[in-house]
Amino acid sequence: MGRPHAVWALPGVLFFAFFAVAPMVLAFYLSFTSWNGLGDPKPVGLDNWKKLVDDPRLTQSLTITVLLTLASWAFQTLAALLLGVWAAGRQRNRAVLSAVFFVPFLLSSTAIALLFYALLDPNFGIIRKDTLSSSSGAFLAIVFVGGWQFIPFHTLIYQGGARQIPDVLYQAAAIDGAGRYRQFFSITLPQLRHTATTSSVLMIVGSLTYFETVLILTQGGPGTDTAILPYLMYEAGFKSYDFGYASAIASFLVVAATVLSLLLVRLTGFGSMRSTREGM
């Protein structure tokens, strides 16, 4: 008699519990304490949470975070969808180009941010304009750099989803006289709705946790125009050494990301996992 299936899942469960669940629980605990990184944390009740609600920077930071998330989702979804559907085809050199497109995702966020910081340098970069000194320029730079790194990953997701669409649907549409664009909007997009939900959840959660790109490219500037919530958390913890307040911000981010993910799954019907192959 073979071992129970749960035994094989145990290493993954332990890994997730140790490196994901435990830090979140610890951060939530620290959000009710006052701690400067030395000595023992001192309980302060809801003081950090009250400070978070009353912090005048919270509204601006939350607004910037939401706008960055929406802009990143729109940019990455459109590009990844088109590239993914194209990569699922049988074009010449498709495999080679797909491999090249995937290279940015293999690089670290820090390395990519440093690369683009050098490229955007007004004195030595390829663009002889101080792009990062304006609010709109800095914001768009963050959106583009994040997209440049993560679009390949989401392209791979859409490519896998597009390859699962039965050819018979396209063959039937071609017999009925549907052209390529008609097939894309009437067959490909509807069939990829669950793929889009999966990709969107990953994009939204990832956008809410942008940090390295903002830290290296803009440091929250100009002024505080790109000071997103993770950067606010960094300032509280590693500049002001108020790890209790930083933990409150981190806990708020976890709750926000979880709620948004659950809402997206609920609204899109992804949780019901209805078949996209009716009649097959």
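Treat the numbers as computed from the prediction; the structure is a model and nothing was measured. Residue indices begin at 1 and follow the sequence shown.
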Are [X] and [Y] connected, step by step, through hydrophobic side chains (Ile, Leu, Val, Met, Phe, Trp, Tyr) whose heavy atoms are closer than 4.5 Å?
{"X": "Leu46", "Y": "Ile249", "value": "yes"}
{"X": "Ile64", "Y": "Leu232", "value": "no"}
{"X": "Leu217", "Y": "Ile126", "value": "yes"}
{"X": "Tyr231", "Y": "Leu253", "value": "no"}
{"X": "Tyr241", "Y": "Val44", "value": "no"}

Got more than 12 heavy atoms from elsewhere within 6.0 Å of [atom1], [X]?
{"X": "Trp73", "atom1": "CH2", "answer": "no"}
{"X": "Asn123", "atom1": "CG", "answer": "yes"}
{"X": "Lys239", "atom1": "NZ", "answer": "yes"}
{"X": "Gln183", "atom1": "CD", "answer": "yes"}

Min side-chain heavy-atom separation [X]-[Y] under 4.5 Å:
{"X": "Tyr170", "Y": "Ile165", "answer": "yes"}
{"X": "Val53", "Y": "Leu58", "answer": "no"}
{"X": "Leu52", "Y": "Phe252", "answer": "yes"}
{"X": "Leu229", "Y": "Leu208", "answer": "no"}

Discussion item. For Phe243 and Phe238: C-alpha separation, side-chain torsions, deciding distance, then whether ring-ring contact (aromatic ring centres under 6.0 Å, His included) applies.
Written reply: CA-CA 8 Å; Phe243 289 99; Phe238 295 96; 5.5 Å; yes

[X] (side chain) donor-acceptor with [Y] (main chain) under 3.5 angstrom:
{"X": "Ser133", "Y": "Asp130", "value": "yes"}
{"X": "Ser61", "Y": "Ala227", "value": "yes"}
{"X": "Trp35", "Y": "Leu38", "value": "yes"}
{"X": "Arg163", "Y": "Gly160", "value": "no"}
{"X": "Ser240", "Y": "Asp242", "value": "no"}
{"X": "Thr195", "Y": "Tyr158", "value": "no"}

Practice prompt. Would you check if the distance from the ring center of Phe102 to the ring center of Phe105 is below 6.0 Å?
Written response: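 Close enough - the centres of the two rings lie under 6.0 Å apart.
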
Worksheet item: Is there a ring-ring contact (aromatic ring centres under 6.0 Å, His included) between Phe28 and Phe32 once you walk through the steps?
Response: CA-CA 7 Å; Phe28 188 69; Phe32 298 98; 5.1 Å; yes

Minimal non-hydrogen separation, [X] against [Y], with atom names:
{"X": "Pro41", "Y": "Leu30", "value": "CG-CD2, 3.9 Å"}
{"X": "Ala27", "Y": "Ser247", "value": "O-CB, 3.1 Å"}
{"X": "Val201", "Y": "Ser261", "value": "CG1-OG, 3.7 Å"}
{"X": "Val214", "Y": "Thr226", "value": "CG1-O, 3.4 Å"}
{"X": "Phe101", "Y": "Pro152", "value": "O-CG, 2.9 Å"}
{"X": "Asn48", "Y": "Thr33", "value": "ND2-O, 2.7 Å"}

Worksheet item: Yes or no on side-chain contact (heavy atoms from CB on, under 4.5 Å) for His154 and Ile157, after CA distance, side-chain angles and deciding distance?
Response: CA-CA 5 Å; His154 295 283; Ile157 294 177; 4.1 Å; yes

Discussion item. Could you walk me through whether Phe184 and Leu82 satisfy the side-chain contact (heavy atoms from CB on, under 4.5 Å) test, starting with their C-alpha distance in whole Å, then the side-chain angles of each, then the deciding distance to 0.1 Å, before giving a yes or no?
Written reply: CA-CA 10 Å; Phe184 177 78; Leu82 296 177; 4.2 Å; yes

From [X] [atom1] over to [Y] [atom2], what is the distance, rounded to the nearest 0.5 angstrom?
{"X": "Thr197", "Y": "Arg266", "atom1": "OG1", "atom2": "CZ", "value": "14.0 Å"}
{"X": "Leu156", "Y": "Ile151", "atom1": "CG", "atom2": "CD1", "value": "13.5 Å"}
{"X": "Ser200", "Y": "Arg193", "atom1": "OG", "atom2": "CZ", "value": "14.0 Å"}
{"X": "His194", "Y": "Thr198", "atom1": "NE2", "atom2": "OG1", "value": "9.0 Å"}
{"X": "Lys51", "Y": "Asp47", "atom1": "NZ", "atom2": "CG", "value": "10.0 Å"}
{"X": "Leu10", "Y": "Leu14", "atom1": "CG", "atom2": "CG", "value": "4.0 Å"}

Item to complete: Carefully, step by step, assess Thr224 and Gln60 under the rule side-chain hydrogen bond (donor to acceptor under 3.5 Å, both in side chains).
Response: CA-CA 8 Å; Thr224 57; Gln60 181 193 25; 3.0 Å; yes

Using atom types as modelled, flag every donor-acceptor pair under 3.5 Å from a side chain in residues 106-120 to any protein atom, sequence neighbours excluded.
from: Ser108; atom 1: OG; to: Ala111; atom 2: N; distance (Å): 3.1
from: Ser109; atom 1: OG; to: Gln149; atom 2: OE1; distance (Å): 3.1
from: Ser109; atom 1: OG; to: Gln149; atom 2: NE2; distance (Å): 3.2

Worksheet item: Residues two or more places apart in sequence or in another chain: which of them pass ring pair (Phe, Tyr, Trp, His ring centres under 6.0 Å) with Phe19?
Response: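 So Phe19 forms a ring pair (Phe, Tyr, Trp, His ring centres under 6.0 Å) with Phe15.
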
Item to complete: With side-chain contact (heavy atoms from CB on, under 4.5 Å) as the test, would you mind laying out the steps for Leu81 and Leu189 before giving the verdict?
Response: CA-CA 9 Å; Leu81 172 62; Leu189 283 183; 3.5 Å; yes

Worksheet item: How far apart are the C-alpha atoms of Gln76 and Phe150, what are their side-chain angles, what is the distance that settles it, and do they pass the side-chain contact (heavy atoms from CB on, under 4.5 Å) test?
Response: CA-CA 8 Å; Gln76 293 181 33; Phe150 292 109; 3.7 Å; yes

Practice prompt. Could you list all the ring-ring contact (aromatic ring centres under 6.0 Å, His included) pairs where at least one residue sits in residues 204-225, not counting sequence neighbours?
Written response: Phe211-Tyr234

Worksheet item: Between the side chains of Tyr245 and Asp55, does any donor sit under 3.5 Å from an acceptor?
Response: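 Distance-only check passes for Tyr245 and Asp55.
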
